[in-house]
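What you see below is based on every heavy atom in this structure, not just the backbone, and it leaves out hydrogens, waters and symmetry mates. If you're wondering where the values come from, they're calculated on a predicted model, not measured in any experiment. Counting from 1, the numbers follow the sequence of the chain as shown. One-based numbering, in listed order, for ligands and for the atoms of each.
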Amino acid sequence: MTDLSADKRPSDSSITIPQLDDHQSRPLMAKMVRLLRELGGLKEIERFRQNLRLPQEALRLSRRVFQLYDEYLGYVLKKLRGKGWQVYCVPGCSACCCCMPAGVSNWEFLIIYDHLQQDGQLSRYFRRNLESCQVLARVSGQLFDGWARKGSADKSRYDRLLHNYSLAEHPCAFLDESQKCQIYSVRPLSCRMHFAFTPPELCDPTHPQFAQAVRLSLNPHGDVDEELQKMDSSLNLGISDLLAPGLVSLTANVLRFSPIL
Ligand code: SF4
Ligand code: SF4
């Protein structure tokens, strides 16, 4: 069980707490696992690389998975608030959108790709994500083809890259002028799970007190992660798990700009 005592608030800048695992959160996670299994078992998903087709059933199941995760987050946040934690995140607050979303699964990339394709926005956001890739390349001093994945041995390099990227203060390709996320309904789990318990100005990586801010990642349970990894293995798209380079590679190299019909 997660220790949410207010007098044990951590002081690190970004903290991952163990998942809240109780009688209310467990069934939500179990349903997520079940739906992800169903998704992974869809023949069209398995044959995605050949067919370039995302069936309606996959979209329906995906929407449900996101809903369940949002429900889980709402539940955990309520618990945290009950313990005296103040959550500062509100719609339109977007300093955190200068951080590159990381740990994006293959399934999430397909959902985002499909969403952009259906909206006729793929070319526009391909260009914008390419710009983000150029910023990443600049801060890493390397071509994005060679970027490390989260699970790779060189995790410190991966973390350093993400930190340097956030210092560049380049807004996410999907953030519009009014600070709204243009893929809000299909944004990755990694965007959904972050919350700040200190004022939003401290979320700006260039703020002098950035390191003192309290931010938490409310990750899904391990069995949800396992299902996502299984789907990654079966889809085997071979792309980065960072949002911009992953989407750019998927569009240009894997799908070769082909529509999902
Ligand atoms: S993490 Fe920080 S910048 Fe992002 S929504 Fe929350 S308070 Fe705002
Ligand atoms: S995908 Fe949306 S929520 Fe995530 S970083 Fe980009 S604008 Fe922000």
Side-chain angles (χ1 to χ4, degrees), residues 9-10 12-17 62 66 69-70 73-74 76-78 80-81 85-117 119 121-122 124-133 135-136 139 150 161-163 165-220 239-248 250-251:
R9 288 179 193 185
D12 294 344
S13 60
S14 182
I15 300 131
T16 302
I17 55 170
S62 301
F66 284 137
Y69 190 49
D70 289 344
L73 293 174
V76 177
L77 288 176
K78 196 170 156 203
L80 287 167
R81 288 193 181 101
W85 293 56
Q86 183 176 351
V87 184
Y88 282 83
C89 306
V90 288
C93 188
S94 59
C96 52
C97 294
C98 283
C99 299
M100 175 67 69
V104 183
S105 67
N106 283 194
W107 156 68
E108 291 169 289
F109 276 117
L110 294 185
I111 296 295
I112 293 169
Y113 183 96
D114 181 68
H115 181 84
L116 296 175
Q117 184 71 47
D119 269 10
Q121 299 279 1
L122 188 58
R124 176 169 182 234
Y125 284 109
F126 174 81
R127 279 195 300 276
R128 294 194 59 164
N129 277 285
L130 200 53
E131 286 166 20
S132 302
C133 290
V135 175
L136 260 178
V139 300
K150 190 181 189 178
L161 175 66
L162 291 177
H163 180 66
Y165 181 84
S166 69
L167 292 178
E169 297 201 294
H170 184 76
C172 175
F174 295 112
L175 196 67
D176 73 5
E177 296 74 20
S178 56
Q179 307 305 300
K180 284 197 184 126
C181 172
Q182 291 304 291
I183 56 164
Y184 194 75
S185 62
V186 293
R187 70 198 187 287
L189 301 185
S190 59
C191 294
R192 292 168 197 252
M193 68 172 65
H194 287 293
F195 295 93
F197 298 84
T198 39
E201 54 271 23
L202 270 63
C203 295
D204 178 344
T206 61
H207 192 284
Q209 285 177 289
F210 176 76
Q212 278 77 55
V214 177
R215 294 180 295 277
L216 298 180
S217 292
L218 304 177
N219 294 282
I239 55 179
S240 168
D241 66 355
L242 301 179
L243 182 61
L247 193 64
V248 164
L250 176 69
T251 308

Legend entry - Within reach of ligand 2, part of Ala173 (heavy-atom separation under 4.0 Å): neither
Distance (rounded to the nearest 0.5 Å) between [X] [atom1] and [Y] [atom2]:
{"X": "Ser132", "Y": "Leu242", "atom1": "OG", "atom2": "CG", "value": "11.0 Å"}
{"X": "Ile112", "Y": "Leu243", "atom1": "CD1", "atom2": "CG", "value": "5.5 Å"}
{"X": "Cys96", "Y": "Phe195", "atom1": "SG", "atom2": "CZ", "value": "9.5 Å"}

Closer than 4.0 Å to some heavy atom of [X] - which atoms of ligand 2 meet that?
{"X": "Cys172", "value": "1 (S), 5 (S), 6 (Fe), 7 (S)"}
{"X": "Cys181", "value": "1 (S), 2 (Fe), 3 (S), 7 (S)"}
{"X": "Pro101", "value": "5 (S)"}
{"X": "Cys191", "value": "1 (S), 3 (S), 4 (Fe), 5 (S)"}

Inset, instruction - Determine whether Leu216 and Trp85 make a side-chain contact, defined as any pair of heavy atoms from C-beta on separated by less than 4.5 Å. - result: yes
Inset, instruction - Taking the side chain as every heavy atom from C-beta outward, state whether Val139 and Leu167 have any atom pair closer than 4.5 Å. - result: no
Inset, instruction - Please determine, by modelled atom types, if Ser217 and Asn219 share a side-chain donor-acceptor pair under 3.5 angstrom. - result: no
Inset, instruction - Please report how many protein N/O/S atoms lie under 2.8 Å from atom 8 (Fe) of ligand 1. - result: 1
Inset, instruction - Name all residues meeting the side chain to side chain donor-acceptor pair (under 3.5 Å) criterion together with Arg192; count only those two or more places apart in sequence or in a different chain, and write none if there are none. - result: Asp70
Inset, instruction - Determine the interplanar angle of the Phe174 and Tyr125 rings, folded into 0 to 90°, and report it as parallel if under 30°, tilted if 30 to 60°, perpendicular if over 60°. - result: tilted
Inset, instruction - Return the orientation label for the His163 and Phe210 ring planes: parallel under 30°, perpendicular over 60°, tilted otherwise. - result: tilted
Legend entry - Nearest non-hydrogen protein atom, atom 8 (Fe) of ligand 2: Cys97 SG, 2.3 Å
